[in-house]
Participant: 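One structure follows; several queries about it will come next.
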Amino acid sequence: MNYEEIKQNDTINTYIRTADESLNALGFTEHSFAHVTLVAERAGYIMETLGYSARYVELTKIAGYMHDIGNLVNRVDHSQSGAVMAFRILDHSGFIPEEIAPIVSAIGNHDEGTGVPVSPMAAALILADKSDVRRTRVRNQEKSEFDIHDRVNYSVTKSELKINEAHTIVKLKLTVDVHYSSIMEFFEIFMQRMILCRKAAETLGLEFKLIINEQQLI
């Protein structure tokens with residue numbers, strides 16, 4: 001199976017949809033198809049740009065698409081429960097162990113609470129996931145009721161993750177509307193994620209740079 005077939009899998013899509021419904025009930029930002037598709041494509045872009053094989057790129061995109069299904073079980077330790085769920089799905093779908101192993105490992109290591117960039121695929125998944133900060137992830141339309149996560153995500157009007165031509169630097173460039181959130185609030189909730197992004201970049205032989213409103217901060 002390839003990435004496009006995984007995207008059409010009714011079982012996987014049911015888990016993604018239902019997991020996002022649970023997060024919605026808990027007040028979290030969007031983790032549905034927009035998020036997982038962006039993560040899959042962005043992680044694939046990283047692997048392809050760095051010269052990994054076409055099949056490894058496909059597997060990385062599959063990991064990206066499936067990375068948040070563990071939220072169906074619980075938000076706590078969702079990366080580990082998601083890895084177990086992904087193992088069962090992929091094993092029953094005819095994937096070989098050599099392909100299941102890196103996907104499961106990447107999913108199990110993508111969260112900043114316990115995750116470590118143990119492989120190139122895990123590193124790409126971390127960078128893709130943690131760089132998805134954007135206004136459209138905010139569900140709450142009542143700005144007066146925004147919490148800090150709503151404010152920070154809503155303030156980001158543009159987000160880009162790019163690797164330079166020399167393949168030495170990966171840049172996360174954000175355009176932030178400071179009317180809704182300050183730069184300090186961004187670091188208050190995302191500092192641990194940015195540190196993990198730096199470690200992920202180092203695993204890929206890259207230097208991580210965070211640029212907000214054309215100012216380099218990391």
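Because only heavy atoms are used, hydrogens play no part in the values below, and waters and symmetry mates are left out as well, while side chains stay in. If you read the sequence from its start, that first residue is 1, and numbering goes on from there.
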Participant: Do any N or O atoms from the side chain of Asp111 and from the backbone of Ser79 form a donor-acceptor pair under 3.5 angstrom?
Facilitator: no

Participant: Does Thr157 offer a backbone N or O that forms a donor-acceptor pair with the side chain of Arg135 under 3.5 Å?
Facilitator: no

Participant: Would you kindly say whether Ser32 and Glu30 are connected by a side-chain donor-acceptor distance under 3.5 Å?
Facilitator: no

Participant: So, Asp10 and Thr14: side-chain donor and acceptor under 3.5 Å apart, yes or no?
Facilitator: no

Participant: Is there side-chain contact between Ile16 and Val36, with heavy atoms separated by less than 4.5 Å?
Facilitator: yes

Participant: Begin from the C-alpha positions of Lys130 and His110 and carry the test side-chain contact (heavy atoms from CB on, under 4.5 Å) through to its verdict.
Facilitator: CA-CA 9 Å; Lys130 306 314 169 191; His110 82 268; 4.3 Å; yes

Participant: For the backbone of Ile163 and the side chain of Tyr45, can you confirm whether one donor and one acceptor N or O come within less than 3.5 Å of each other?
Facilitator: yes

Participant: Going by heavy atoms in the side chains, are His67 and His35 under 4.5 Å from each other?
Facilitator: yes

Participant: To the closest 0.5 Å, what do you measure between CG (Asn140) and CG (Asn24)?
Facilitator: 10.5 Å

Participant: Taking the side chain as everything from C-beta on, heavy atoms only, tell me whether Leu204 gets closer than 4.5 Å to Leu50.
Facilitator: yes

Participant: Please tell me if the side chains of Ser22 and Asn74 come closer than 4.5 Å, counting only heavy atoms from C-beta onward.
Facilitator: no

Participant: Are the side chain of Arg198 and the backbone N or O of Phe208 linked by a donor-acceptor pair below 3.5 Å?
Facilitator: no

Participant: Any donor-acceptor pair under 3.5 Å linking the side-chain atoms of Thr114 with those of Gln80?
Facilitator: yes

Participant: Salt bridge check: are Lys199 and Glu112 linked by an N-O gap of less than 4.0 Å?
Facilitator: no

Participant: State the CD1-CG distance between Ile218 and Leu172, to the nearest 0.5 angstrom.
Facilitator: 9.0 Å

Participant: Under a 3.5 Å distance rule, please check whether Thr18 uses its side chain to pair with a backbone N or O of Tyr15 as donor and acceptor.
Facilitator: no

Participant: Side-chain contact test, heavy atoms from C-beta onward, threshold under 4.5 Å: evaluate it for Met1 versus Ile6 and give yes or no.
Facilitator: yes

Participant: Using modelled atom types only, decide if a donor and an acceptor are shared between the side chain of Asn13 and the backbone of Lys7 within a distance under 3.5 Å.
Facilitator: yes

Participant: Phe87 versus Ile103: any side-chain heavy-atom pair under 4.5 Å?
Facilitator: no

Participant: Tell me which pairs pass side-chain hydrogen bond (donor to acceptor under 3.5 Å, both in side chains) where either residue lies in residues 52-61, with sequence neighbours left out.
Facilitator: Arg55-Glu99

Participant: Does Asn109 use its side chain to pair, donor to acceptor, with the backbone of Ser105 at less than 3.5 Å?
Facilitator: yes

Participant: Given 3.5 Å as the limit, does a donor-acceptor pair link the side chain of Thr37 with the main chain of Ala34, or not?
Facilitator: no

Participant: Could you tell me whether the side chain of His149 and the main chain of Asp147 form a donor-acceptor pair under 3.5 Å?
Facilitator: no

Participant: Check whether any side-chain N or O of Ser81 sits under 3.5 Å from a backbone N or O of His78 as a donor-acceptor pair, and report yes or no.
Facilitator: yes

Participant: What are the two closest heavy atoms between Pro102 and Pro97, and how far apart are they?
Facilitator: CD-O, 4.5 Å

Participant: For His179, I'd like to know if atom NE2 has over 12 heavy atoms of other residues, nucleotides or ligands within 6.0 Å.
Facilitator: no

Participant: Taking Asp132 first and then Arg42, would you say they form a salt bridge - that is, a charged N and a carboxylate O separated by under 4.0 Å?
Facilitator: no

Participant: Do other residues, nucleotides or ligands put more than 12 heavy atoms under 6.0 Å from the CZ atom of Arg139?
Facilitator: yes

Participant: Quick one: CZ on Phe190 to CG on Leu196, what's the gap to the nearest 0.5 Å?
Facilitator: 13.0 Å

Participant: Side chains of Val176 and Phe186: closer than 4.5 Å at any heavy-atom pair?
Facilitator: no

Participant: Between atom CZ of Arg88 and atom OG1 of Thr11, what is the distance when rounded to the nearest 0.5 Å?
Facilitator: 9.0 Å

Participant: Arg151 pairs by salt bridge (Lys or Arg N to Asp or Glu O under 4.0 Å) with which of Glu145, Glu188, Glu185?
Facilitator: Glu185

Participant: Measure across Ala63 and Ala106 and return the closest heavy-atom pair with its distance rounded to 0.1 Å.
Facilitator: CB-CB, 4.5 Å

Participant: Around Lys209, counting heavy atoms of other residues, nucleotides and ligands shown, do more than 12 lie under 6.0 Å from its NZ?
Facilitator: yes

Participant: Rounded to the nearest 0.5 Å, what separates atom NE2 in His31 from atom CG in Leu23?
Facilitator: 5.5 Å

Participant: Any chance CD of Glu142 has more than 12 other-residue heavy atoms, nucleotides or ligands included, within less than 6.0 Å?
Facilitator: yes

Participant: So, do Asn71 and Asp20 sit near enough that their side-chain heavy atoms are less than 4.5 Å apart?
Facilitator: no

